[in-house]
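Just follow the structure's listing: the first ligand is 1, and inside any ligand the first atom is 1. In this text, all values refer to a predicted model and were calculated from it rather than measured experimentally.
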Amino acid sequence: MATDRNDALKLDEQDGLKGLRDAFVLRDGLNYLDGNSLGPMQKCVTERVGKCLEREWGQDLIASWNSAGWYRLPQTVGAKIAALVGAGENDVAVTDSTSVNLFKVLAAALSMRPDRNVIVSERSNFPTDLYIAEGLAAFADRGHELRLIDSTDELEGAVDDGVAAVMLTQVNYRSGELHDMAQVTKRVHDAGAVMIWDLAHSAGALPVDLAAADVDFAIGCGYKYLNGGPGAPAFVYVAPRLQDEVSQPLSGWFGHTAPFAMEPTFDAAPTIHRFLTGTPPILSMVALDAALDIWKDVSLGALREKSVKLCELFISLVEERCAGHGLSLASPRDASKRGSQVCFAHENAYPIMQALIARDVIGDFRAPDILRFGFAPLYVRFVDVYDAVDQLLRVLQTEEWKQDRFMVKGAVT
Ligand SMILES: *Cc1c(COP(=O)(O)O)cnc(C)c1O
């Protein structure tokens, strides 16, 4: 394990993924450890979006739906993501936002179990997932109940024969805890319930195998580890065995079997297409499309190996060098139970993170007391980990976080 800056530089020398950082626009001196919230831009995106603006929209206009492949983007971009999550190339569609896709797959799951009325999730799940379930339960008005557990250890007791669906996020957005997808899915299926996984912090962060785990539905984000840009379209996976059978309530024309037949009644496409709703945001789709090309040459095994090393280095350096400053590890210590992020709790987490950001080390704060650092292996270097801890130590030693300017909260934290 590296103990000084030179050791960290040596690890970077030996890193098989080191060449990939060059693809990104990251200004000198910026130590970006927030790619789990908003991935940075790649240079190729400027060109691709520029071409879409100037040529496809600017010159060719409506012909581009066919000639530039706009119409097929939900599938062509979906196929690139499918390769990262262990799905068949026709089993992922890129569309809408994660929240909206959750609404669709959860509604589909509930309709598969009409005689059951419980949705199980974790209390610590990302709030939008819980809010969407609440909203759908109220809208469906069939007495659905949201049952929240504090840990997947409670699944055994919580998933009884009244449970229609279990929806979990594979890597917890705050703690970074990683669930065993295959094991949990099997337990949920054994209890007769439908399994939905949110891959917001998994896709592009670690190897995922949806098909091997026999998952029913999955959703995930385009703007985190997939670097698709702010508000990038999200993705939805539906197991091939279900695609022709389940329905979802946002039955817009892009989900129709023949949208341009302009028929007055809805006839769901027999494929993953039925999970589309309306016209996709093409500028955002092409940005995500271009951003995904980098994955062609990336081994997910090597990605995971580097991610684990980055996180282990961060934990050991913080615990060694910042000892006595009130930080405690808030992520699983066991790397096999952790995603690609590390959190430390501190009672003054908010101003400490603001002071770090002022020093160009960008992590984020998660209420109430969490300092969160994401280690995206495509562009984060071992020396960045070393330097981040160095800056953290300075912020703590100098107590500069006590300055008033670091107490002010913006609308987005
Ligand atoms: C980031 C994230 C989301 C975001 O949903 P949006 O609809 O894109 O705002 C949803 N779920 C989880 C678990 C997330 O981490």
Do any N or O atoms from the side chain of T76 and from the backbone of R72 form a donor-acceptor pair under 3.5 angstrom? yes
Salt-bridge contact D289-K80 (side-chain N to carboxylate O under 4.0 Å): yes
When the ring planes of Y173 and F126 are compared, do they come out parallel, tilted or perpendicular, using 30° and 60° as the limits? perpendicular
Cationic tip of K43 within the cone over F24's six-membered ring, i.e. under 6.0 Å and within 45° of the normal? no
If the threshold is 4.0 Å, N to carboxylate O, is there a salt bridge linking D364 and R372? yes
With salt bridge (charged side-chain N to carboxylate O under 4.0 Å, His left out) as the criterion, how do E312 and R333 come out once you've worked through the C-alpha distance, each side chain's angles and the decisive distance to 0.1 Å? CA-CA 9 Å; E312 296 281 279; R333 192 170 289 281; over 6 Å; no
First-shell residues of ligand 1 [heavy atom, distance under 4.0 Å]: S97, T98, S99, F126, T128, D129, T169, D198, A200, H201, C221, Y223, K224
